Amino acid sequence: QVQLVESGGGLVQAGGSLRLSCAASGRTFSRNGMGWFRQAPGKEREFVAATSFNGGGASYADAVKGRFTISRDNAKKMVYLQMNSLRPEDTAVYYCAASITPAAISNPVLYDKWGQGTQVTVSS
């Protein structure tokens, strides 16, 4: 059974940076696309970024393009989300997820494994 554990969240001032990490264990990690999603209080969970099975492809939500970068290390079974130029509206719980496909996709329906989430708070 695959398990995903996020880390790296915290409190940061607007304009600052954070790097989220997701450690995966269990099933063959290198065959699956991986994604990051977030959920702010009172809002639905939304797509942030995704990477394909080998890191060759990536997709981003318009709200984070140019500021966030997703990457993965298949040897270490890790996925990262580098977040720069953070804004108060980026405040949310961030979730790592494993897709049932090898592609970098934004549809949460195609993700079947989720981590427990890590809180990111950006102060103004």
Side-chain angles (χ1 to χ4, degrees):
Q1 191 74 301
V2 65
Q3 290 187 326
L4 302 173
V5 179
E6 303 96 334
S7 61
L11 174 64
V12 64
Q13 288 189 334
S17 298
L18 281 175
R19 188 194 195 202
L20 304 184
S21 298
C22 174
S25 63
R27 73 183 185 202
T28 305
F29 173 79
S30 61
R31 296 177 182 175
N32 299 94
M34 297 292 294
W36 287 96
F37 292 77
R38 67 186 182 186
Q39 187 167 19
K43 295 186 177 182
E44 294 186 353
R45 191 172 298 189
E46 64 177 1
F47 169 74
V48 176
T51 177
S52 62
F53 72 105
N54 61 357
S59 62
Y60 296 92
D62 288 343
V64 307
K65 279 181 182 177
R67 300 188 298 123
F68 291 11
T69 302
I70 189 170
S71 61
R72 66 189 295 164
D73 184 333
N74 284 349
K76 296 181 179 179
K77 292 189 175 182
M78 295 290 294
V79 181
Y80 307 99
L81 186 68
Q82 179 65 45
M83 305 186 295
N84 299 329
S85 302
L86 283 162
R87 304 166 181 169
E89 53 264 40
D90 294 319
T91 295
V93 177
Y94 283 71
Y95 298 90
C96 175
S99 171
I100 61 175
T101 83
I105 54 174
S106 61
N107 190 341
V109 172
L110 295 177
Y111 288 81
D112 66 339
K113 300 299 179 185
W114 297 81
Q116 83 290 347
T118 185
Q119 176 71 46
V120 171
T121 303
V122 184
S123 63
S124 56

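Predicted, not measured: the structure shown is a model, and the values here were computed from it. Values below: every heavy atom of this structure, side chains too, minus hydrogens, waters and symmetry copies.
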Visitor: Could you measure the distance from the NZ atom of Lys77 to the OG atom of Ser30? Nearest 0.5 Å is fine.
Guide: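 Here the interatomic distance stands at 8.0 Å.
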Visitor: Measure across Phe29 and Ala24 and return the closest heavy-atom pair with its distance rounded to 0.1 Å.
Guide: CD1-CB, 3.5 Å
Visitor: Quick check against the 3.5 Å criterion: does Ser99 have a side-chain atom that pairs as donor or acceptor with the backbone of Leu110?
Guide: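 The answer is yes, because a donor-acceptor pair under 3.5 Å joins these two groups.
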Visitor: Could you tell me the separation between the CG atom of Asp73 and the OH atom of Tyr80, rounded to the nearest 0.5 Å?
Guide: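 Reported to 0.5 Å precision, the distance equals 5.5 Å.
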Visitor: Transitively linked via ILVMFWY side-chain contacts under 4.5 Å: Tyr95 with Leu20?
Guide: no
Visitor: List the atom pairs, donor and acceptor, that lie under 3.5 Å between side-chain atoms in residues 81-89 and the rest of the protein, sequence neighbours left out.
Guide:
from: Gln82; atom 1: NE2; to: Asn84; atom 2: OD1; distance (Å): 2.9
from: Asn84; atom 1: OD1; to: Ser17; atom 2: OG; distance (Å): 2.9

Visitor: Backbone N or O of Gln116 within a donor-acceptor pair of the Glu6 side chain at under 3.5 Å?
Guide: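 Present.
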Visitor: So which heavy atom on Ala40 is nearest to which on Ala92, and how close?
Guide: N-CB, 3.8 Å
Visitor: Set out, in order, the CA-CA distance, both residues' side-chain angles and the distance that settles ring-ring contact (aromatic ring centres under 6.0 Å, His included) for Trp114 and Phe37, then state yes or no.
Guide: CA-CA 10 Å; Trp114 297 81; Phe37 292 77; 4.9 Å; yes
Visitor: For the CZ atom of Arg72 and the SG atom of Cys22, what is their distance to the nearest 0.5 Å?
Guide: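 The CZ atom of Arg72 sits 10.0 Å away from the SG atom of Cys22.
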Visitor: Any side-chain to backbone donor/acceptor pair from Tyr111 onto Ile105? Under 3.5 Å, distance only.
Guide: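 The answer is yes, because a donor-acceptor pair under 3.5 Å joins these two groups.
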Visitor: Check the pair Thr91, Gln119 against side chain to side chain contact (heavy atoms under 4.5 Å, CB included), reporting the backbone distance first and the verdict last.
Guide: CA-CA 8 Å; Thr91 295; Gln119 176 71 46; 4.0 Å; yes
Visitor: Using 0.5 Å steps for rounding, measure from the CZ atom of Phe53 to the CZ atom of Arg31.
Guide: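 Output value for this atom pair is 11.0 Å.
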Visitor: In Å, rounded to the nearest 0.5 Å, how long is the span from OH of Tyr60 to CZ of Phe47?
Guide: 9.0 Å
Visitor: Can you name the residues that form a salt bridge (charged side-chain N to carboxylate O under 4.0 Å, His left out) with Arg45, not counting sequence neighbours?
Guide: none
Visitor: What's the spacing between Asn32 CG and Ile100 CD1 if we round to 0.5 Å?
Guide: 9.5 Å
Visitor: Please find the pair of heavy atoms, one from Ser59 and one from Ala104, that lie closest to each other, and give the distance.
Guide: OG-O, 3.5 Å
Visitor: Are Arg38 and Val120 close enough, and set up right, to give a side chain to side chain contact (heavy atoms under 4.5 Å, CB included), and what steps lead you there?
Guide: CA-CA 9 Å; Arg38 67 186 182 186; Val120 171; over 6 Å; no
Visitor: If Ile, Leu, Val, Met, Phe, Trp and Tyr residues are connected whenever their side-chain heavy atoms lie under 4.5 Å apart, and connections chain through other members, are Val93 and Val122 in the same group?
Guide: no
